[in-house]
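Okay, so here's the structure we're looking at.
Values below: every heavy atom of this structure, side chains too, minus hydrogens, waters and symmetry copies.
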Amino acid sequence: MTALLQHPGYDEESLKGVAEKLPCREVQAEMLLSLMGQPHQYSYPSILIYGHRASGKSHVMHVLMKELELPHATVSCVECVSIALLFEQVLLSFFGCDAASLLPRSPSLSDFVRVYRQQCSQSPAKQTRYIVMEKAELLRDTDASLLSALLRLQELVGDNVTVILLSEIAWDKFRPNTGCFEPLLLHFPDYSKSELQQILSQNVHPSYSAGFYSAYINILLGVFYSVCRDLRELQHLAALNFSKFCEPLAEGKVKETDTHKLWKHIEPHLKKAMQTVYLREVSSLQWEQMQQMEEKEAGALRGLSAHTHVELPYYSKFLLIAAYLASYNPARTDKRFFLKHHGKIRKTNFLKKNEKTSNHLLGPKPFPLDRLLAIFYSVVDSRVTPTASIFSQISSLVTLQLLAQVSHDDQLDAPKYKCAVSLDFICAISRTVNFDIVKYLYDFL
């Protein structure tokens with residue numbers, strides 16, 4: 001149920017419209033209105049609103065300014081790459097194009113204050129003017145005096161103007177070392193799981209009931225809430241995966257109330273989407289096309305065991321591929337497979353009697369760590385720096401029993417491993433990264 005905002009300076013109808021557009025942010029909106037005061041009274045010179053990304057800071061300010069029809073200038077510190085653009089945006093919003101044209105080509109802070117005072121004497125404020133600075137933490141990278149001046153702009157220009165700073169960092173990390181006027185602080189906490197459920201459930205698809213869509217959002221949050229609490233990213237994920245969730249319903253296989261069957265259908269799809277949270281590497285249409293292509297290719301993998309469908313990070317897959325090649329290829333063939341200018345070497349020229357038998361029949365052979373890494377850096381399709389993350393992924397493969405360590409634990413200088421997966425398994429892993437492993441296996445030359 002929407003909470004009712006109350007403030008003596010505004011009519012109830014406007015406040016009701018504000019409350020309806022700010023679900024789960026009524027408390028912060030009411031606190032902000034109390035800090036701003038009544039429209040015709042002088043407001044506090046500066047207010048800092050801080051909170052994590054997608055916590056509703058910009059949305060609350062936009063709704064308040066628009067619904068209550070307050071005179072304001074919204075300035076993005078990302079778009080205003082220079083102080084001149086910032087000054088022009090403020091004068092343009094309050095006084096029009098003529099006022100902005102009075103600024104010199106490279107205006108200073110004193111030029112801005114002078115022009116503002118001139119325009120203010122001609123058209124004094126009938127109610128408080130608001131300057132909303134989005135991404136205000138970027139002001140730390142500008143002239144040191146700019147932030148201090150904005151915090152006490154009301155005093156400098158002699159006008160009823162309030163500067164509202166929106167930032168993702170707290171004031172303790174924002175305050176200039178030289179000292180400045182202290183703004184009022186208002187914190188926007190992160191949305192809780194129940195609040196995210198309430199907000200996301202408002203975007204009901206017109207073809208389905210509200211209860212059905214709410215059940216879908218509950219499933220979505222059950223998967224993604226532990227790794228992502230960004231409202232905008234969750235809205236993107238909800239829109240991206242809803243069509244997949246509705247597939248069994250559209251085909252008539254289940255009913256809207258069969259939540260368990262719908263969950264079983266969407267679970268692998270959501271787990272796959274977890275790999276691209278925040279990345280936005282592809283559009284929604286491209287993502288759906290990729291899923292359709294993968295479903296067509298899945299027929300070739302259905303004969304494999306359930307162990308084949310293990311989920312691995314991107315580089316862990318290449319590490320496992322490199323381990324398989326090191327286990328089943330003789331060491332002397334590495335030059336042939338992984339060097340560009342290896343010369344013409346025929347297989348019969350370096351065959352020994354004990355190599356005439358297939359290596360896959362003899363089983364995997366141990367290999368040292370440096371050989372594994374050398375093959376890994378040759379087969380991976382991008383430049384990778386040797387970091388602790390790569391070595392930790394090798395340990396993870398050992399823990400998953402995909403690799404077996406054959407050397408003693410105290411042998412730190414040259415540990416040895418063996419690959420413990422089958423040919424079918426490694427072929428399935430190779431297909432997920434578009435790597436043709438058969439071309440690099442000595443037994444298949």
Side-chain angles (χ1 to χ4, degrees), residues 1-7 9-10 14-37 43-44 46-70 72-79 128 130-139 162-174 183-204 213-214 217-218 220-221 224-240 277-278 280:
M1 184 178 177
T2 303
L4 182 63
L5 296 178
Q6 294 181 352
H7 195 277
Y10 306 99
S14 299
L15 292 174
K16 184 179 179 181
V18 169
E20 289 176 351
K21 294 185 178 180
L22 297 177
C24 307
R25 278 293 176 256
E26 297 89 354
V27 175
Q28 287 74 24
E30 189 165 7
M31 178 67 71
L32 185 55
L33 285 174
S34 64
L35 295 177
M36 292 163 57
S43 181
Y44 199 78
S46 52
I47 301 172
L48 174 67
I49 301 175
Y50 66 99
H52 289 153
R53 182 177 181 268
S55 56
K57 304 181 296 295
S58 299
H59 180 61
V60 168
M61 288 307 308
H62 175 74
V63 171
L64 286 177
M65 295 298 154
K66 184 178 179 181
E67 292 295 321
L68 302 180
E69 298 180 353
L70 301 174
H72 67 281
T74 302
V75 179
S76 171
C77 295
V78 176
E79 297 176 359
T128 306
Y130 296 96
I131 301 175
V132 183
M133 309 285 294
E134 297 181 346
K135 294 287 183 181
E137 60 268 16
L138 297 178
L139 291 174
T162 296
V163 176
I164 300 179
L165 306 174
L166 308 182
S167 173
E168 294 182 12
I169 62 176
W171 176 243
D172 293 337
K173 298 181 179 180
F174 198 99
L184 294 177
L185 305 181
L186 179 59
H187 178 239
F188 274 46
D190 291 339
Y191 290 107
S192 65
K193 188 175 182 179
S194 59
E195 290 174 338
L196 289 172
Q197 171 84 27
Q198 179 182 341
I199 296 171
L200 292 172
S201 297
Q202 291 182 345
N203 302 322
V204 183
Y213 193 78
S214 180
I217 295 299
N218 188 38
L220 186 83
L221 290 176
F224 289 102
Y225 184 73
S226 59
V227 297
C228 173
R229 303 185 183 185
D230 188 318
L231 176 60
R232 281 174 286 186
E233 187 67 21
L234 289 171
Q235 287 174 332
H236 170 72
L237 291 168
L240 197 65
V277 173
Y278 293 113
R280 303 285 183 91

Could you report the tightest heavy-atom contact between [X] and [Y], atom names first, then the distance?
X      : Y      : answer
Ser43  : Leu35  : OG-O, 3.8 Å
Cys77  : Ala136 : SG-CA, 4.1 Å
Leu234 : Leu196 : CD1-CD1, 3.8 Å
Ala54  : Arg232 : N-NH2, 3.4 Å
Ala170 : Tyr50  : CA-CD1, 4.0 Å

**Asked** Should we say atom NE2 of His187 is surrounded by more than 12 heavy atoms from elsewhere, each under 6.0 Å from it?
**Response**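 Yes, enclosed.
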Q: Look at atom CD of Gln202 and say whether more than 12 heavy atoms of other residues, nucleotides or ligands are closer to it than 6.0 Å.
A: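 Yes, because the 6.0 Å sphere around CD of Gln202 holds more than 12 heavy atoms from other groups.
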To the nearest 0.5 Å, how far apart are [atom1] in [X] and [atom2] in [Y]?
X      : Y      : atom1 : atom2 : answer
Ser201 : Ile199 : OG    : CD1   : 10.0 Å
Met133 : Leu166 : CE    : CG    : 9.5 Å
His7   : Leu15  : NE2   : CG    : 8.5 Å
Ser192 : Tyr225 : OG    : OH    : 6.0 Å
Leu184 : Met36  : CG    : CE    : 12.5 Å

Does a side-chain heavy-atom distance below 4.5 Å link [X] with [Y]?
X      : Y      : value
Met31  : Leu186 : yes
His59  : Met61  : no
Tyr10  : Leu64  : no
Leu231 : Leu200 : yes
Ile49  : Gln28  : no
Arg25  : Ser55  : yes
Lys193 : Arg229 : no

Summary of salt bridge (charged side-chain N to carboxylate O under 4.0 Å, His left out) pairs that have at least one residue in residues 57-67, sequence neighbours excluded
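Only Lys21-Glu67 qualify under salt bridge (charged side-chain N to carboxylate O under 4.0 Å, His left out).
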message: Between Val18 and Leu33, does the side-chain contact (heavy atoms from CB on, under 4.5 Å) criterion hold? Intermediate values first, please.
response: CA-CA 11 Å; Val18 169; Leu33 285 174; 5.7 Å; no
Would you tell me whether Ser167 and Glu137 have side-chain atoms, one donor and one acceptor, within less than 3.5 Å of each other?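 There is such a pair between these side chains.
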Could you walk me through whether His62 and Thr74 satisfy the side-chain contact (heavy atoms from CB on, under 4.5 Å) test, starting with their C-alpha distance in whole Å, then the side-chain angles of each, then the deciding distance to 0.1 Å, before giving a yes or no? CA-CA 9 Å; His62 175 74; Thr74 302; over 6 Å; no
Between Thr162 and Tyr44, is there a donor-acceptor pair closer than 3.5 Å when you use the side chain of the first and the backbone of the second?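 Between the backbone of Tyr44 and the side chain of Thr162 there is a qualifying donor-acceptor contact (under 3.5 Å).
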Practice task
Step by step, work out the side-chain contact (heavy atoms from CB on, under 4.5 Å) result for Gln198 and Tyr191.
Solution key: CA-CA 10 Å; Gln198 179 182 341; Tyr191 290 107; over 6 Å; no
*asked:* Just to verify, what does Ser58 make a side-chain hydrogen bond (donor to acceptor under 3.5 Å, both in side chains) with, not counting sequence neighbours?
replied: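 By the side-chain hydrogen bond (donor to acceptor under 3.5 Å, both in side chains) rule, Ser58 matches no residue at all.
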Starting from the C-alpha separation in whole Å, work towards a yes-or-no answer on side-chain contact (heavy atoms from CB on, under 4.5 Å) for Ser46 and Leu165. CA-CA 8 Å; Ser46 52; Leu165 306 174; 5.8 Å; no
